[in-house]
Participant: 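What follows is a single structure, and I will ask about it in a moment.
In this chain, residues are counted from 1 in sequence order.
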Amino acid sequence: MDATKATRERWQTEEMPHKRGFLRFKRDFSQAEFDRLSLGEVPHQMEDKWFIFLDPWLFFHRSWTGHCIFQLRLQTDGRGYNVAETWVNRDVQQYNSGGTAKELELLSKLIEHLLRDELGTVHRIPVVR
């Protein structure tokens, strides 16, 4: 197992609650971007608020509580990957989003964060369609 890869076993997590909503989030990823997403992210200090891993969905958990906030099902089309399905936590005891627009904005920021390297460069390799 790759020591740098986030896996479900590396953090205490909770399943997405039954109170969830479908989120219309669309995004394409190149193979290189998918490879980076598949590494996920393990928190290393108190300020790191997210634990993210791929198994086989891409899960976004709050690091302090383990609550699952987003989960995305990615699918390949042979040239890259795209988001086939996205769910968001709707249990206000676990997550109070502020509305769909804020949820989409947060999810986009989290994905962009994952795609950054240690120098802060976003590697966007276009998917040819």
Participant: Which residues satisfy the salt bridge (charged side-chain N to carboxylate O under 4.0 Å, His left out) test with Arg20, sequence neighbours excluded?
Facilitator: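 Checked Arg20 against salt bridge (charged side-chain N to carboxylate O under 4.0 Å, His left out); zero matches.
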Participant: Do you know which two heavy atoms are closest between Lys102 and Ser97, and how far apart they sit?
Facilitator: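 Smallest heavy-atom distance, with atoms named: CB-O, 3.5 Å.
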Participant: List in chain and number order the residues that pass salt bridge (charged side-chain N to carboxylate O under 4.0 Å, His left out) with Arg62, two or more places apart in sequence or in another chain; answer none if no residue qualifies.
Facilitator: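 So Arg62 forms no salt bridge (charged side-chain N to carboxylate O under 4.0 Å, His left out) with any residue.
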Participant: Can we say Arg116 and Glu112 salt-bridge, meaning some charged N sits less than 4.0 Å from an Asp/Glu carboxylate O?
Facilitator: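 A salt bridge is absent here (no side-chain N lies under 4.0 Å from a carboxylate O).
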Participant: To the nearest 0.5 Å, what is the distance between CZ (Phe34) and CG (Asn82)?
Facilitator: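 Result: 11.5 Å between the selected atoms.
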Participant: For the pair Arg36 and Leu114, evaluate side-chain contact (heavy atoms from CB on, under 4.5 Å) and give the outcome as yes or no after the intermediate values.
Facilitator: CA-CA 7 Å; Arg36 174 60 193 103; Leu114 270 180; 4.0 Å; yes
Participant: Can we call the ring centroids of Phe70 and Trp87 under 6.0 Å apart?
Facilitator: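 Between Trp87 and Phe70, which both carry aromatic rings, the centre distance is not below 6.0 Å.
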Participant: Looking only at heavy atoms, which two atoms of Gly66 and His61 are closest? And how far apart?
Facilitator: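 Heavy atoms of Gly66 and His61 come nearest at O-ND1, 2.9 Å.
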Participant: Check Trp64 against Asp48 and note the closest heavy-atom contact, atom names and distance.
Facilitator: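 Shortest heavy-atom separation between Trp64 and Asp48 comes out as NE1-O, 4.4 Å.
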Participant: How long is the straight-line distance from CD of Glu14 back to CG of Asp91, given to the nearest 0.5 Å?
Facilitator: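 Separation between the atoms: 9.5 Å.
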Participant: What is the minimum heavy-atom distance between Phe22 and Glu85, and which atoms define it?
Facilitator: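 Taking every non-hydrogen atom into account, CE1-CG, 4.1 Å.
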Participant: Give a yes or no on whether the backbone of Leu104 and the side-chain of Arg24 come within a donor-acceptor separation of less than 3.5 Å.
Facilitator: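 Flag not set: sc Arg24 to bb Leu104 has no pair under 3.5 Å.
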Participant: Measure the spacing between CZ of Phe60 and CG of Leu106 and express it to the nearest 0.5 Å.
Facilitator: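 The CG atom of Leu106 is 9.0 Å from CZ of Phe60, to the nearest 0.5 Å.
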Participant: Is any side-chain heavy atom of Thr100 closer than 4.5 Å to one of Leu23?
Facilitator: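 Of all side-chain heavy-atom pairs linking Thr100 with Leu23, at least one is under 4.5 Å.
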Participant: Answer yes if Met16 and Phe25 sit in the same cluster of Ile, Leu, Val, Met, Phe, Trp and Tyr residues linked by side chain heavy atoms under 4.5 Å apart, and no otherwise.
Facilitator: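 No.
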Participant: Which residue is it: Val88, Ile69, Asn89? I am looking for the one with a side chain to side chain contact (heavy atoms under 4.5 Å, CB included) to Glu103.
Facilitator: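 For Glu103, the side chain to side chain contact (heavy atoms under 4.5 Å, CB included) test succeeds with only one of Val88, Ile69, Asn89, which is Val88.
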Participant: Using a 3.5 Å distance criterion without hydrogens, assess whether the side chain of Trp11 forms a donor-acceptor pair with backbone atoms of Ser63.
Facilitator: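 Here the side-chain-to-backbone pair exists.
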Participant: Within a radius of less than 6.0 Å around CD of Gln75, do more than 12 heavy atoms belonging to other residues, nucleotides or ligands occur?
Facilitator: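 Counting other residues, nucleotides and ligands, CD of Gln75 exceeds 12 neighbours.
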Participant: Would you compute the distance between atom CD of Gln93 and atom OG1 of Thr65 and round it to the nearest 0.5 angstrom?
Facilitator: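 Between Gln93 CD and Thr65 OG1, I get 12.5 Å after rounding to 0.5 Å.
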Participant: Please step through side-chain contact (heavy atoms from CB on, under 4.5 Å) for the pair Ile52 and Leu58, ending with a clear verdict.
Facilitator: CA-CA 7 Å; Ile52 305 166; Leu58 187 61; 3.9 Å; yes
Participant: Are Leu110 and Trp57 connected in a single hydrophobic cluster, I mean Ile/Leu/Val/Met/Phe/Trp/Tyr linked by side-chain heavy atoms less than 4.5 Å apart?
Facilitator: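 In one cluster with Trp57: Leu110, no.
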Participant: Can you see which heavy atom on Glu15 is nearest to which on Cys68, and at what distance?
Facilitator: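 Nearest heavy atoms, Glu15 then Cys68: C-CB, 4.1 Å.
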Participant: Angle class for the Phe59/Phe53 ring planes (parallel below 30°, perpendicular above 60°, tilted otherwise)?
Facilitator: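 Judged by the thresholds at 30° and 60°, the geometry between Phe59 and Phe53 is parallel.
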Participant: Shared ILVMFWY cluster between Leu37 and Val42, side chains joined below 4.5 angstrom?
Facilitator: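 No, no single cluster joins them.
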Participant: Can you see which heavy atom on Asp28 is nearest to which on Glu33, and at what distance?
Facilitator: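 Scanning both residues, the minimum pair turns out to be O-OE1, 4.0 Å.
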Participant: When you compare the side chain of Phe51 with that of Gln12, does any pair of heavy atoms fall below 4.5 Å?
Facilitator: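 Counting from C-beta outward, Gln12 and Phe51 never come under 4.5 Å.
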Participant: Of all residues at least two apart in sequence or in a different chain, which pass the salt bridge (charged side-chain N to carboxylate O under 4.0 Å, His left out) check with Asp35?
Facilitator: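 For Asp35, no residue satisfies salt bridge (charged side-chain N to carboxylate O under 4.0 Å, His left out) once neighbours in sequence are set aside.
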